[in-house]
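Right, one structure below, let's go through it.
All residue numbers refer to positions in the sequence shown, counting from 1. Computed from heavy atoms alone, side chains included, the values below leave out hydrogens, waters and symmetry copies. In listed order, ligands and their atoms are each counted from 1.
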Amino acid sequence: MSGYGNIIQHQIYSQPSVEKEEQYPVAFEDWEKLAREKLKDGPFWYVAGGAGSGETMKANRDAFTKQKIQPRMLNDVDERDLSVTLFGQTFQTPILLAPVGVQSIVHDQGELASAKAASNMNIPYITSTASSYTMEEIADVIGEGPRWYQLYWGKDEDVTASMLHRAKRAGYTALVVTLDTPILGWREKDLEQAYLPFLQGIGIANYLSDPMFCSKLEKSPQEDRRAAIEYFFKIFSNARLTWSDLAFLRKHWDLPIILKGIIHPRDAELALQYGVDGIIVSNHGGRQVDGEISTLDALESICHVIGGKIPVLLDSGIRRGSDVVKASALGASAVLLGRPFVYGLAVGGEEGVKHAIRNIIADTDLTLALSGRNSIKNLDRSLLSNVPDAQSTVRSESL
Ligand code: FNR
């Protein structure tokens, strides 16, 4: 995807005739503002809100702001390479769409629209267990495009096994196991409005369509929807899981397993010990624990432990190309976008998602070039200045 940034930039500059109202936003903040205008309080805050006071969401952003790029000059950056290889597959960019459930609360086409946009751009789409459409419907629109399946690892082993087999049949090539949600975080905005889409039966399509899930009900979900929703709540998550339970997943899934929600170096060590294939450094976009360490601050020590043995991906707070570049410089093999594409979906459905992703890729390409580098996968810490040290040097020199 060499020169992608220049192409997109040129496209945008050469369409000044498009009416302002018809243009999609450029800045993340403007996508969020437009989404706010489109959505009712419940859905908007379900997306925008975080755990408790929102401290973790803020920390995620502050960590990116704290890191500063120190560009190099005269380095021939005419040709750039944004590609990364993950689990034997090469992707043109280091960007994936994070698993996001209940997308129909922001757009009626929900996951179908965002998965289509991702597939058209050859960006891996990660289907959430909590999707509003079934994993098979989503796989259908993805067609030949890359796709992974995200598991919310619940209490009913039969249902979990059934979902893994369905995911394999539907062509998902990796399993993302989300570990940071054994229970739902204390989300003040959702609590204030008593808004939880699952209670209305939104985001449980994968359960209602699962033969094993249905076999556990006295009546079919069509006959007794309330009972089906109740059973979903009963089995959705499992706070009793421990590392040794990973063997169960291995028994039912023979493709790569990636643990999402690793934030402590010791857990990274355990991930290696238990033989998983990759990890995602994530704090769920600050939606689970208030006052948690940011993912960017946690990344370096985790990469140190992993020592390049397996890919280390990162999400939570990626908003612009410079964030992608900074995360890559600190060791991330690739990054996941959450809210940026969800706001794109809310604002413009499939087209909105396409524009939101396209802008971040273009920005990444240009930022890489302007940093004096031409390959995202070859970035390292030397791209970043160490501002606190630089300041202390200045201080000590002036003494
Ligand atoms: C999420 N996230 C999430 N994660 C997951 O593993 N399964 C899921 O179903 C969901 N659902 C979900 C819904 C909504 C509305 C949001 C905003 C997030 C977390 C997601 O995968 C990712 O970790 C964060 O969104 C990344 O942070 P940013 O980019 O949103 O800051």
Next item on the list: Mind checking whether Val100 contacts ligand 1 via backbone (N, CA, C, O), side chain (CB onward), both or neither, at a 4.0 Å heavy-atom cut-off?
Entry: both

Checklist line | Under 4.0 Å to a heavy atom of Ser282 - the qualifying atoms of ligand 1, by number | finding: 23 (O)

Next item on the list: May I ask which of Arg287, Lys260, Gln103 has a heavy atom nearer to atom 18 (C) of ligand 1 than the others do?
Entry: Arg287

Note to self: Using a 4.0 Å cutoff against the non-hydrogen atoms of Asp315, which atoms of ligand 1 qualify?
What the structure shows: 22 (C), 23 (O), 26 (C)

Next item on the list: For Lys155 and Phe236, indicate whether the former's side chain and the latter's backbone hold a donor-acceptor pair under 3.5 Å.
Entry: no

Check: Any heavy atom of Val47 sitting closer than 4.0 Å to ligand 1?
Finding: yes

Margin query: Check this for me, if you would: do Asp158 and Lys216 make a salt bridge, where the nitrogen-to-carboxylate-oxygen distance has to be below 4.0 angstrom?
Written below: yes

Checklist line | Option nearest atom 26 (C) of ligand 1 (shortest heavy-atom distance, choices Gly317, Ser316, Gly50) | finding: Ser316

Notebook entry, point to check: Using heavy atoms and a threshold below 4.0 Å, how should the contact between Arg319 and ligand 1 be classified: side chain, backbone, both, or neither?
Noted result: side chain

Checklist line | N or O pair under 3.5 Å between Ala98 and ligand 1 | finding: no

Check: Do any nitrogen or oxygen atoms of Leu337 come within less than 3.5 Å of a nitrogen or oxygen of ligand 1?
Finding: no

Checklist line | Heteroatom distance test (Arg339, ligand 1): nitrogen or oxygen, under 3.5 angstrom | finding: yes

Checklist line | Pairing residues for His252 by the ring pair (Phe, Tyr, Trp, His ring centres under 6.0 Å) criterion, not counting sequence neighbours | finding: His165, Phe248

Under 3.5 Å, side-chain donor or acceptor atoms of residues 261-273 against the rest of the protein: list the pairs with distances, not counting sequence neighbours.
residue, atom, partner, partner atom, Å
His264, ND1, Arg266, N, 3.0
Arg266, NH1, Glu269, OE1, 2.6

Next item on the list: Please confirm whether the backbone N or O of Lys189 pairs with a side-chain atom of Gln193, one donor and one acceptor, at under 3.5 Å?
Entry: yes

Margin query: Can you give me the closest heavy-atom contact between Val141 and Ala115, atom names plus distance?
Written below: CG2-CB, 3.9 Å

Check: Using heavy atoms and a threshold below 4.0 Å, how should the contact between Pro99 and ligand 1 be classified: side chain, backbone, both, or neither?
Finding: both

Notebook entry, point to check: Do the numbers put Arg147 on top of the ring of Tyr125, so that NZ or CZ is under 6.0 Å from the six-membered ring centre and no more than 45° off the axis?
Noted result: no

Note to self: Counting only nitrogen or oxygen atoms and a 3.5 angstrom limit, does Tyr152 reach ligand 1?
What the structure shows: yes

Note to self: Using the rule side-chain hydrogen bond (donor to acceptor under 3.5 Å, both in side chains), only one of Asp180, Asp315, Thr178 pairs with His284; which is it?
What the structure shows: Asp180

